[in-house]
Amino acid sequence: MRNALRAEWTKACTSPGLPALLATMVVSMVALSAAVAAATDPLPGTDLPKLGLTGVLLGQAVVAVFGALVMGDEYATGLVTVTLTAVPRRSRVLAAKAVVVAGVLAAAATIAVAGSVLVARLLLPADVVAARPAVGSVLYLVLIGLLSLGIVTCVRSSAAGVGAVLALLYVLPIVTAAVADPAWQRHLRQIGPASAGLAVQATGADLDIGPWKGLGVLALWAAGALLAGAALLERRDA
């Protein structure tokens with residue numbers, strides 16, 4: 001496992017696109033959070049900590065691409081054959097990739113969330129620093145990266161995997177909002193990976209699902225995708 005982790009870490013550090021994606025995530029998240037905070041005149045009762053973390057809505061797309069490329073690039077270039085020859089236990093390869101993705105994204109997301117909180121605090125003087133929305137946002141981004149890694153392992157295509165993840169993150173909430181029945185609409189928000197996971201940012205009392213329960217729903221999505229990916233990786237030829 002140690003050798004597999006070292007190999008995956010080396011790939012992540014030396015790939016020309018992955019470090020640039022992380023930098024893009026940090027800059028885009030902080031920039032969007034700053035723009036929203038500067039342009040908003042919050043009304044009484046506005047959830048300011050959540051408002052200051054608006055950049056997560058953009059950063060999650062970059063994270064999804066990052067998680068997809070970690071596995072998808074290997075299928076696109078044929079490097080996956082070399083990887084699985086060097087580490088015949090395929091589940092170990094996926095586990096090593098998941099650990100590296102989680103570690104790298106946790107570090108980058110911490111910087112991005114801290115920057116977003118800082119600019120929101122400067123631009124929204126009435127804002128208060130709340131630990132749960134900030135920590136939860138970091139965990140949310142890490143889980144999105146793992147969800148993307150699992151889905152791409154299943155479909156073996158970066159483009160298809162990213163499309164599926166972005167549909168879950170952006171299209172599913174739109175479809176949910178169009179549902180006429182309020183009870184079904186609430187139920188769909190409780191089980192959707194984005195709507196449930198982002199509940200961790202909210203500080204209000206009227207929530208469809210508890211903050212940590214919502215993040216748990218996203219964790220189940222990520223775990224399910226990784227388990228499905230591991231099963232298919234073992235069964236199929238490289």
Side-chain angles (χ1 to χ4, degrees), residues 1 4-5 8-9 12 18 21-22 25 29 53 56-75 90-110 112-113 132-173 176 188-202 208-234:
M1 187 63 182
L5 284 171
E8 296 305 326
W9 172 255
L18 297 184
L21 274 175
L22 294 176
M25 181 195 73
M29 279 182 57
L53 292 167
V56 171
L57 297 176
L58 178 59
Q60 64 182 359
V62 184
V63 166
V65 174
F66 179 89
L69 291 180
V70 168
M71 178 61 86
D73 273 357
E74 296 212 27
Y75 281 109
R90 298 184 174 196
S91 59
R92 181 174 295 174
V93 171
L94 184 57
K97 287 183 180 294
V99 171
V100 170
V101 166
V104 170
L105 286 180
T110 298
V113 168
R132 175 173 49 79
V135 174
S137 293
V138 173
L139 296 176
Y140 174 84
L141 291 170
V142 171
L143 290 172
I144 291 298
L146 294 176
L147 173 64
S148 183
L149 173 64
I151 289 178
V152 169
T153 305
C154 292
V155 301
R156 301 199 290 188
S157 166
S158 295
V162 170
V165 176
L166 293 184
L168 288 172
L169 297 180
Y170 298 107
V171 178
L172 182 57
T176 299
L188 289 173
R189 286 197 296 265
Q190 290 174 330
I191 63 175
S195 53
L198 287 173
V200 77
Q201 292 184 337
D208 294 314
I209 189 171
W212 295 116
K213 287 183 179 180
L215 201 63
V217 170
L218 176 57
L220 289 176
W221 276 85
L226 287 171
L227 289 173
L232 291 172
L233 191 62
E234 291 285 355

Does [Y] offer a backbone N or O that forms a donor-acceptor pair with the side chain of [X] under 3.5 Å?
{"X": "R90", "Y": "L233", "value": "yes"}
{"X": "R189", "Y": "I209", "value": "no"}
{"X": "Q190", "Y": "D208", "value": "yes"}
{"X": "R92", "Y": "A4", "value": "no"}

What are the two closest heavy atoms between [X] and [Y], and how far apart are they?
{"X": "Q201", "Y": "S137", "value": "NE2-OG, 3.0 Å"}
{"X": "L215", "Y": "G197", "value": "CD1-O, 3.9 Å"}
{"X": "V100", "Y": "A12", "value": "CG1-CB, 4.0 Å"}
{"X": "G210", "Y": "A199", "value": "O-CB, 4.4 Å"}
{"X": "A68", "Y": "S148", "value": "N-OG, 3.2 Å"}
{"X": "A109", "Y": "L141", "value": "CB-CD1, 3.8 Å"}

What's the separation between atom [atom1] in [X] and atom [atom2] in [Y], rounded to the nearest 0.5 Å?
{"X": "L169", "Y": "L172", "atom1": "CG", "atom2": "CG", "answer": "9.0 Å"}
{"X": "L105", "Y": "M25", "atom1": "CG", "atom2": "CE", "answer": "6.5 Å"}
{"X": "L94", "Y": "L146", "atom1": "CG", "atom2": "CG", "answer": "9.5 Å"}
{"X": "L198", "Y": "L57", "atom1": "CG", "atom2": "CG", "answer": "6.0 Å"}
{"X": "M29", "Y": "L53", "atom1": "CE", "atom2": "CG", "answer": "7.0 Å"}

query: Is it true that K97 and E8 make a salt bridge, defined as a side-chain N closer than 4.0 Å to a carboxylate O?
result: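 Salt bridge present between K97 and E8.
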So do [Y] and [X] actually touch side chain to side chain, heavy atoms under 4.5 Å?
{"X": "T153", "Y": "L226", "result": "no"}
{"X": "I151", "Y": "V162", "result": "no"}
{"X": "W221", "Y": "L143", "result": "no"}
{"X": "V152", "Y": "L149", "result": "no"}

message: Would I144 and V63 count as a side chain to side chain contact (heavy atoms under 4.5 Å, CB included) here? Give the steps.
response: CA-CA 7 Å; I144 291 298; V63 166; 4.1 Å; yes
task: Determine the sole option in L18, V165, L21 for which the side chain to side chain contact (heavy atoms under 4.5 Å, CB included) test with V65 is passed.
output: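 Running side chain to side chain contact (heavy atoms under 4.5 Å, CB included) over L18, V165, L21 with V65 returns exactly one hit, L21.
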message: Pairing donors with acceptors under 3.5 angstrom, does anything connect the side chains of Y140 and Q60?
response: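 Yes, because at least one side-chain N or O of Y140 sits under 3.5 Å from a partner of the opposite role on Q60.
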